[in-house]
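Remarks on the structure that follows.
Order of the sequence lines sets the chain letters (A, B, ...), proteins ahead of strands, with each chain counted from 1. Because the structure is a prediction, the values reported are computed rather than measured.
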Amino acid sequence: MAVWLKGPNGSGKTTLLRMLATLSTPSCGTLEIFGLDVGRQREAIRHGVSLVSHSLYLYPGLTARETLVLWGRLGGVVLEPESVVAALDVVGLADVGDRRVGGFSAGMRKRLALARARIESPRLLLLDEPFSALDDSGCRLVQSWVREFVEQGGTVMLASHDPERATPICDWRVDLAAGQIVGLDRGAGR
Amino acid sequence: MNIRKLLVLAGLGLAAVGTYFGLFVAPPERHMGDVQRIMYVHVPSAWIAMLLYTLAFGFAIALLWSGRQKWDDLMVGAIEVGVVLNALLLVQGSLWGRATWGVWWDWDVRLTTSLVMAILFAGVLVLRRMAPNEERRSQWSAVATVVAFIDVPLVYFCVRWWRSLHQIQSSPDTVDPAMVLPLRLNSFGLLFLALAWMLWRAAIERSSRRASEVPLPTRVAIEESAHA
Amino acid sequence: MSSLLALLSKDLLLEWRERARSLSVLLFAVVTLLLFSFALGPDVETLREATPGVLVLALLLSSTLALNESFRLEREDRALEGLVMRPVSLTALFYAKASANALLLTFLGPVVVALAVVFYSLEIDVATMTRLVGLWCLGAAGLAAPGTLYAAMTSRLKSQDVALPLLLFPLVVPVLLASVKAMGLVLTGDAMNQLRSWLTLLLAFDIIYWSVCGLLFRFAVEEGE
């Protein structure tokens, strides 16, 4: 399913996503993902979780293709060249696979980060403002991309300020305010 | 009466008696004369500074091991007091060197090592001030403390090979017992004072940390408006 | 292990792609050599005597440049955080980065030593030069490990250019002393057969720094911010 995290700035959307991505530790309480404890079984969780955050974690000196290959190798996966091309094709970057990321526009960088997030077929996808920096076609791409992922059985949590784009693709809406969940709704669009 | 006050009283008492013995009872040294009496503060300073650094190293390991912030409080106490004593040590050493060797400074093994040691641990304190948040601050200080502490013996051996001129360390057997007594008294006095100071500093650190953990009133207001 | 190699090849590839950066480090080392000749020269005899110290200081000064740079890319787009998020051990991350830094500094060695031979009119044969370069490499390795550990921390700070040398220089005094001594013995002849002990000492420092810093790195880098 897809969950939309909604809330004003500073309401804890990013913090929640970062905790789910095992980048932050909860200051109290316990957090379990896939039945694994975040404190002790971090590495196992990291194989199944992918985060696309505000910072895209890209090296300007690497090409798009190298970026994906490196990401795979760091997860212990050797990617076939065809699967790299396929992944780039999905986000519309197949033609520029051998160009350096440093020359990419913000939208292209975002697309690359999205392609990278799914390279290892995660079970949980965390998207922080996935529609920012993207043009209309890019946003539509993200929307169909999210739905496809969900239909394959994945879970998406996305934080967004864009109700028009987030509502139609999400099954649930979670309202956050000042670090608290203040509302939980079936998504209006579905 | 709490333990810190007890330590201060005991420390002051011991140091007072020790200083009296050192200045008026112990015989003057044969070659150096009265100047040598600086030893009764110099040697205790060195011992206690080293001891505090060792404690800081222990606290740093405990912090990295357990992640508990109380070790950070003690560690910063130990390092700060250690650096102060270390600075005093350098000044005393320089004075003594001027009086006996005729130079303010000499690149002798113990002088050089204590100078590098002071800079290393002062560096830890600088890093502390720069750290971006509380968790980073404690972890970074602990990392730097461990590295600095391990580095000190390396510096010592290296400089010793490089050159040496310091007088051979005396053992209590070869020294007049009247000299040993004030040395011991002063050492324990300084030890108690330094420990008290360290505990006080740790208490201050703990309070300021707690103070920063109290949520600001504005946040309460936001929360209320959100619920409304 | 495979992730270590992946990271190392990434670092080396990026260094190669940004050759201008690595080259500026080399240029900086050369400038240091020049400045020392102005500070100590023009008497060739004095310069010759000072060569070991000058070489080691050139290495030290250029190392801070290289170290700071090596983490700039990691911080720019918070790429380091991306790496941390992968199931990669931070220890592998450390050894990859430290090796990349050590290699970069090593590459400076032959050039700087050769230039020192020219500038300071050293009359030495190729074997002696090779030994000097070898000592340079050992020194570079001794700087790279603590340097990488500290650069990982200071790269998060605005004042990183001040912070890194402040922390690193006093720390690496043993490496400096041992390298200067050993280089001096190589240049002036080793009458008392001391070179072997200084070499052992330098190697021992390298091993200690590489193991201690490797153990501590995971505390220096944040799991998240």
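Between B:F188 and B:F192, the ring-plane angle classifies as tilted under the 30° and 60° cut-offs. By the 30° and 60° cut-offs, the orientation of the rings of C:F217 relative to C:F94 is tilted.
For the set C:C213, C:P146, C:S197, the count of heavy-atom pairs under 4.5 angstrom toward chain B peaks at C:S197. Highest contact tally toward chain B, considering only C:L157, C:L167, C:T154, C:L171, is held by C:L171 [criterion: heavy-atom pairs under 4.5 Å]. For the options B:V155, B:I119, B:L64, heavy-atom pairs under 4.5 Å to chain C are most numerous at B:L64. Of the residues considered (B:V116, B:V124, B:L115, B:V147), B:V147 shows the highest number of contacts with chain C, using heavy-atom pairs under 4.5 Å.
A distance of 11.5 Å separates CG in B:L120 from CG in B:L125, rounded to the nearest 0.5 Å.
At a heavy-atom cut-off of under 4.5 Å, chain B is reached by no residue from residues 62-69 of chain C.
Heavy atoms closer than 4.5 Å to chain C are found nowhere in B:A142, neither backbone nor side chain. Using a 4.5 Å cut-off between heavy atoms, C:F205 touches chain B through its side chain atoms alone. With a 4.5 angstrom heavy-atom cutoff, C:L216 touches chain B via backbone and side-chain atoms both. Residue contact with chain C, scored on non-hydrogen atoms closer than 4.5 Å, involves the backbone and the side chain of B:L154 alike. Neither the backbone nor the side chain of C:F169 comes within contact range of chain B; no heavy atoms are under 4.5 Å apart. Proximity to chain B is absent for every atom of C:L215, based on heavy atoms less than 4.5 angstrom apart.
Under the 4.0 Å criterion applied to side-chain N and carboxylate O atoms, B:R210 and B:D73 are not assigned as salt-bridge partners.
Nearest heavy atom pair, residue B:W140 against residue C:R156, reads CH2-CB, 4.1 Å.
Listed for the B:Y53 side chain is no donor-acceptor partner under 3.5 Å among the backbone atoms of B:A148. Side chain of C:Y209 to backbone of C:A144: no donor-acceptor contact under 3.5 angstrom is found.
Counting non-hydrogen atoms of neighbouring residues, nucleotides and ligands closer than 6.0 angstrom, the CZ atom of C:R196 reaches no more than 12 such neighbours. Residue-environment remark: CH2 (C:W210) exceeds the threshold of 12 foreign heavy atoms within 6.0 Å. In C:F107, the CZ atom is not crowded: 12 or fewer heavy atoms of neighbouring residues, nucleotides or ligands sit closer than 6.0 Å.
The side-chain hydrogen bond (donor to acceptor under 3.5 Å, both in side chains) search around B:R201 returns B:E80, B:E205, not counting sequence neighbours.
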